[in-house]
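For clarity, every value in this text was computed on a predicted model and none was experimentally measured. Atoms considered below: every heavy atom in the structure, side chains included; atoms not considered: hydrogens, waters and symmetry mates.
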Amino acid sequence: AVILVGDEQKTLTKLHGETAIEKMLAKLKKASIKKVIICCKEESIQLKKFLSKKQFSEFNFIYTKNEHKGTAASLYECKKHLDPGTFLLIYGDVIADIDFVDFLDFHKNHHGVATMVITSIADPLPWGIVRVKRDLVTDFFEKPKPGSSNEQRLTNLINAGIYAFEPQIFSYINEKTKNLEDEVFPKMIKSKEFHAYLLDGIWFNISRQNLLERALKYE
């Protein structure tokens with residue numbers, strides 16, 4: 001699994017006794033995923049110190065540099081550390097009640113290059129909006145602006161920031177590719193290699209203060 005960390009403070013935020021990254025690592029542990037690549041800023045000392053605790057000793061953590069050049073650029077940095085098989089990409093500011101065993105089983109049964117976790121939300125406009133036909137992603141709009149032509153094509157389904165990828169994803173990414181959302185996903189949709197897995201559990205994004213406050217209020 002690759003965890004993409006933009007802000008270590010958000011990842012280390014405690015919600016009901018556990019940090020955001022602890023919650024995600026617990027889900028990975030249940031799926032017997034022990035090799036975890038943490039893509040973070042080089043100066044993320046607090047995060048590295050936190051993950052060096054004895055409670056995480058069964059994980060094999062590898063650190064790569066997140067230079068904030070984009071999601072695809074960050075993933076490309078991890079390529080040399082990935083085994084030649086299926087892997088997960090998880091955004092570090094996401095909290096999700098997800099069963100990774102079931103998710104990976106779904107991904108493998110659909111024989112695509114990528115599967116995106118999607119969830120339903122009342123106001124989809126601030127997020128990457130997904131249109132799906134059966135289990136296939138047919139359209140993706142990254143944060144459409146109010147009044148844009150894309151807004152008229154909205155659903156309540158959004159990108160949850162968790163993916164399963166096959167190594168063939170790197171045929172869509174090179175050293176110049178910046179963002180998955182703008183540059184990679186449209187190509188995969190066109191080639192019909194991009195599936196969607198609907199999350200029926202709790203989902204929060206804590207990237208902004210108002211979103212964090214909402215998550216903290218949830219019991």
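- Looking at heavy atoms from C-beta onward, Lys41 lies out of side-chain contact with Lys65 at the 4.5 angstrom threshold.
- Panel note: side chain Ser57, backbone Lys53; no donor-acceptor pair is recorded below 3.5 Å.
- Hydrophobic clustering (ILVMFWY, side-chain heavy atoms < 4.5 Å, transitive): Ile21 and Phe61 are in one cluster.
- Each of Val101 and Leu104 belongs to its own hydrophobic cluster when Ile, Leu, Val, Met, Phe, Trp and Tyr are linked at side-chain heavy-atom distances under 4.5 angstrom.
- Among all heavy-atom pairs drawn from Cys39 and Cys78, the shortest one is CB-SG, 4.1 Å.
- Scanning all heavy atoms of the two residues, the minimum distance from Asn66 to Val5 falls at ND2-O, 2.9 Å.
- Looking only at atom types and distance, the side chain of Asp102 has a donor-acceptor partner in the side chain of Tyr197 under 3.5 Å away.
- Counting only N and O atoms by type, the side chains of Glu22 and Gln55 include a donor and acceptor under 3.5 Å apart.
- Between the side chain of Asn179 and the main chain of Asp182, no donor-acceptor pair closer than 3.5 Å is present.
- In terms of heavy-atom proximity, Pro186 sits nearest to Glu181 at CD-O, 3.7 Å.
- Rounding to the nearest 0.5 Å places CD1 of Ile158 at 10.0 Å from CG of Leu199.
- Contact of the Leu75 side chain with the Leu4 side chain is not registered, since no non-hydrogen atoms from C-beta on lie closer than 4.5 Å.
- Of all the heavy atoms in Ala72 and Thr177, the pair that sits closest is CB-CG2, 3.8 Å.
- Residue Leu88 is tested with Ile37, Leu28, Val2 for a side-chain contact (heavy atoms from CB on, under 4.5 Å); the sole match is Leu28.
- Considering every non-hydrogen atom in both Ile162 and Phe100, the closest pair reads CG2-CE2, 3.9 Å.
- Lys48 forms a cation-pi arrangement with Tyr63, by the criterion of a distance under 6.0 Å to the ring centre and an angle within 45° of the ring axis.
- Distance check: Ser44 OG to Leu51 CG gives 10.0 Å after rounding to the nearest 0.5 Å.
- Checking side-chain atoms of Lys80 against main-chain N and O of Glu77 turns up a donor-acceptor pair under 3.5 Å.
- Looking at Glu183 and Tyr172, their side chains never come closer than 4.5 Å, going by heavy atoms from C-beta outward.
- At least one side-chain heavy atom of Ile98 sits less than 4.5 Å from a side-chain heavy atom of Val117.
- At least one side-chain heavy atom of Leu89 sits less than 4.5 Å from a side-chain heavy atom of Phe165.
- Heavy atoms only, all atoms of each residue included: Met188 and Val113 are closest at SD-CG1, 4.2 Å.
- Tyr163 pairs in a ring pair (Phe, Tyr, Trp, His ring centres under 6.0 Å) with only one of the listed residues (Phe185, Phe87, Phe194), which is Phe185.
- For Lys29, the NZ atom counts as loosely surrounded, since its 6.0 Å shell holds 12 or fewer non-hydrogen atoms of other residues, nucleotides or ligands.
- Using a 4.0 Å cut-off between charged side-chain N and carboxylate O, Lys27 and Asp97 make a salt bridge.
- A 4.5 Å side-chain heavy-atom check between His107 and Thr86 finds at least one atom pair inside the cut-off.
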